[in-house]
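Just so you know, these numbers use all the heavy atoms, side chains as well, and skip hydrogens, waters and symmetry mates. Because the structure is predicted, anything quoted here is derived from the model rather than measured.
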Amino acid sequence: ATLTVLNLDAGPSPFELLAARKIIEGETAFLAAQTATPQEIEGIAETLTLFKHGMKAQGSAEHADQLFHSRIAAAMHNSILKSIIEGLWANMAVPLFGALSQRTGLPENQRMTLKDHEAIYEAIRDRNPRGARKAMHQHLTHVEEIMMREDD
């Protein structure tokens, strides 16, 4: 009998996606701190409120999370980079990433995400490009640490 091996394409590694996001979204935050309009800054702040509502309802804050990153991407006024970021988020829908990212939805991890988002927002609001980049890198490092954490 012959052995049939299924070649299932699981998509890119979650850690490859996070590495790409660190590079691209770090620069996105840097640029957004320079180019965001007052209305765009207000729109980014609104996602923090949406995230808090999602947490209070003990539901998913995932939509608010994605909207936060999408609005930062829009605030740098570069449609190509915005499309790239949206593509990275679309790739995060693969099953392997989904299983790992469920951990980010835990209440203690959502609290850390909100704190990270607030730091990124404040740097953008304060027109601090380097601070925005650093805060974004720190946020995505936290996401990576959550995904690598072994279950107890």
side-chain contact (heavy atoms from CB on, under 4.5 Å) assessment of K22 paired with E144
CA-CA 10 Å; K22 266 188 205 176; E144 191 173 44; 3.3 Å; yes
[atom1] of [X] to [atom2] of [Y]: how many Å apart, nearest 0.5 Å?
{"X": "I44", "Y": "L67", "atom1": "CD1", "atom2": "CG", "result": "10.0 Å"}
{"X": "I24", "Y": "R21", "atom1": "CD1", "atom2": "CZ", "result": "10.0 Å"}
{"X": "Q110", "Y": "H117", "atom1": "CD", "atom2": "NE2", "result": "10.5 Å"}
{"X": "I120", "Y": "K115", "atom1": "CD1", "atom2": "NZ", "result": "13.0 Å"}
{"X": "I124", "Y": "I41", "atom1": "CD1", "atom2": "CD1", "result": "7.5 Å"}
{"X": "M55", "Y": "L50", "atom1": "CE", "atom2": "CG", "result": "13.0 Å"}

Within the distance-only criterion (no hydrogens, no angle test), does the side chain of [X] pair as donor or acceptor with the backbone N or O of [Y] below 3.5 angstrom?
{"X": "E40", "Y": "T37", "answer": "yes"}
{"X": "S70", "Y": "Q66", "answer": "no"}
{"X": "D126", "Y": "N128", "answer": "no"}

Which heavy atom of [X] sits nearest to which heavy atom of [Y], and what is that distance?
{"X": "A123", "Y": "A33", "answer": "O-CB, 4.2 Å"}
{"X": "I85", "Y": "A73", "answer": "CD1-CB, 3.8 Å"}
{"X": "Q34", "Y": "P129", "answer": "CG-CG, 3.6 Å"}

Has E42 got more than 12 heavy atoms of other residues, nucleotides or ligands less than 6.0 Å from its CD?
no
Over 12 foreign heavy atoms within 6.0 Å of CZ, R127:
yes
When you look at F51 and T113, which way does the side-chain contact (heavy atoms from CB on, under 4.5 Å) test go after all the steps?
CA-CA 9 Å; F51 197 97; T113 295; 3.6 Å; yes
For the pair H69 and H139, name the ring-plane relationship: parallel under 30°, tilted 30 to 60°, perpendicular over 60°.
parallel
Scan for ring pair (Phe, Tyr, Trp, His ring centres under 6.0 Å) pairs involving residues 17-36, sequence neighbours excluded, and state none if there are none.
none
Stepwise, does the salt bridge (Lys or Arg N to Asp or Glu O under 4.0 Å) test hold for E27 with R133?
CA-CA 6 Å; E27 295 312 300; R133 178 197 287 142; 2.8 Å; yes
Are E118 and R125 within salt-bridge range, i.e. N to O under 4.0 Å?
no
Is any side-chain heavy atom of M136 closer than 4.5 Å to one of T28?
no
Could you check E25 against I72 for side-chain contact (heavy atoms from CB on, under 4.5 Å), going step by step and ending with a plain yes or no?
CA-CA 9 Å; E25 291 196 65; I72 291 172; over 6 Å; no
Residues passing the side chain to side chain contact (heavy atoms under 4.5 Å, CB included) test with H142, sequence neighbours excluded, are M112, D116, Q138, E145
